[in-house]
Amino acid sequence: MIRRILPHPLLSLFVALIWMLLVNRFAWGSLLFALALGVIIPIATERYWPDRARIRNPLGVAGYVAIVLHDIIKANIDVAKIVLFKPSRELQPAWLVVPLDITTPEAIAVLMGTITLTPGTVSCDLAEDGSALLVHALHCPDPASSIDEMKTRYEARLKEIFL
């Protein structure tokens, strides 16, 4: 019964929260409308989600978010140092081909988003069969270790989170 009303409970909560943030003030009418949207939108879009992602390790999500936030802060500092103090002739940009072990589209999308959110790296392309990711790095003196770090720090954790 609950599954029919809330086919995607987290999406419902997220839609309601985003609506309340967009309204930018609390009013009971806005909250009721947000909750209505949170119920109606997932029901209306349910048929477009036949194979939704299953999260195997919900606690792993919190750990992953903490690691990504730490890496974003650290990378911001590193990129600022590069921009401010490193002569451009000393930069070693690189294109990295990261082979993927994860197969679910949701896990690959999270990995690509993580890489792009981390300053100094950008996810540029995904192989047609989903087996590899093309990443550009602003400064990468050791491409092999950078690829290994992406796989162990991010991809391995995503394999534990998603089924």
Side-chain angles (χ1 to χ4, degrees), residues 1-80 82-83 96 98-138 146 149-163:
M1 175 65 179
I2 293 287
R3 201 55 144 171
R4 284 187 66 183
I5 297 170
L6 295 173
H8 305 283
L10 290 176
L11 178 62
S12 297
L13 181 66
F14 187 67
V15 167
L17 177 67
I18 292 298
W19 182 261
M20 290 304 292
L21 290 172
L22 287 171
V23 170
N24 201 23
R25 66 178 174 82
F26 182 81
W28 289 107
S30 295
L31 180 61
L32 287 174
F33 189 69
L35 293 174
L37 286 177
V39 170
I40 293 169
I41 290 174
I43 290 172
T45 62
E46 183 179 17
R47 66 175 174 251
Y48 302 112
W49 298 60
D51 300 323
R52 66 179 170 187
R54 303 275 185 226
I55 294 178
R56 176 181 5 169
N57 183 1
L59 292 177
V61 174
Y64 185 79
V65 168
I67 287 169
V68 170
L69 288 175
H70 172 268
D71 289 352
I72 288 172
I73 292 168
K74 183 181 176 295
N76 269 300
I77 294 167
D78 293 343
V79 169
I82 289 170
V83 169
L96 310 172
V98 182
L100 297 178
D101 297 326
I102 53 177
T103 57
T104 62
E106 295 81 10
I108 293 171
V110 171
L111 177 62
M112 291 178 73
T114 300
I115 290 169
T116 300
L117 280 172
T118 307
T121 56
V122 176
S123 299
C124 297
D125 198 10
L126 177 66
E128 192 170 323
D129 62 355
S131 64
L133 185 61
L134 181 64
V135 176
H136 183 267
L138 175 66
S146 294
E149 183 178 4
M150 284 181 219
K151 291 188 69 61
T152 56
R153 194 153 177 90
Y154 302 132
E155 186 183 29
R157 285 180 170 86
L158 289 172
K159 278 175 75 172
E160 294 173 5
I161 292 171
F162 289 97
L163 289 177

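For clarity, every value in this text was computed on a predicted model and none was experimentally measured.
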For a quick test of reading the model, state the closest non-hydrogen atom pair linking Leu126 to Ala132 and the distance between them. CD1-O, 3.4 Å
Examine distances only and state if a side-chain atom of Glu155 and a backbone atom of Asp101 form a donor-acceptor pair shorter than 3.5 Å. yes
Could you go through Leu133 and Met150, starting from their C-alpha distance and side-chain angles, then the distance that decides it, and tell me whether this counts as side chain to side chain contact (heavy atoms under 4.5 Å, CB included)? CA-CA 11 Å; Leu133 185 61; Met150 284 181 219; over 6 Å; no
Sidechain-backbone polar pair: Lys151 side chain, Pro99 backbone, donor-acceptor under 3.5 Å: yes
Using atom types as modelled and distance alone, determine if a side-chain donor or acceptor of Arg56 lies under 3.5 Å from a backbone N or O of Ile161. no
Closest contact, heavy atoms only, Pro119 versus Ala75: O-CB, 3.4 Å
Can you measure from CD1 (Ile73) to CG (Asn76) and round to the nearest 0.5 angstrom? 8.0 Å
Minimum-distance pair of heavy atoms, taken over all atoms of Met20 and Arg25: CE-O, 4.0 Å
What pair of heavy atoms forms the shortest contact from Ser146 to Leu96, and how long is it? CB-CD1, 4.0 Å
Using modelled atom types only, decide if a donor and an acceptor are shared between the side chain of Ser30 and the backbone of Phe26 within a distance under 3.5 Å. no
If you compare all heavy atoms of Leu100 against all heavy atoms of Leu111, which two are closest, and at what distance to 0.1 Å? CD2-CD2, 3.5 Å
Nearest-0.5 Å distance, CG of residue Leu117 to CG of residue Asp71: 11.5 Å
One should read off an interatomic distance between Met112 CE and Thr121 OG1, to the nearest 0.5 angstrom, of 11.5 Å
At what distance, to the nearest 0.5 angstrom, does CG of Asn57 lie from OH of Tyr64? 13.5 Å
Can you tell me if Leu22 has over 12 outside heavy atoms packed within less than 6.0 Å of its CG? yes
The test is side chain to side chain contact (heavy atoms under 4.5 Å, CB included); show your working for Trp19 and Leu35 and say whether it passes. CA-CA 9 Å; Trp19 182 261; Leu35 293 174; over 6 Å; no
Working for side chain to side chain contact (heavy atoms under 4.5 Å, CB included), residues Phe33 and Val23: CA-CA 11 Å; Phe33 189 69; Val23 170; over 6 Å; no
Determine the minimum heavy-atom distance between Gly38 and Ser12, stating which atoms define it. O-OG, 2.6 Å
Show the numbers, then the answer: is there a side chain to side chain contact (heavy atoms under 4.5 Å, CB included) between Val98 and Tyr154? CA-CA 12 Å; Val98 182; Tyr154 302 132; over 6 Å; no
Between NE2 on residue His70 and OG1 on residue Thr118, distance to nearest 0.5 Å: 11.5 Å
How many angstroms lie between atom CD1 of Ile18 and atom CG of Leu13, to the nearest 0.5 angstrom? 10.0 Å
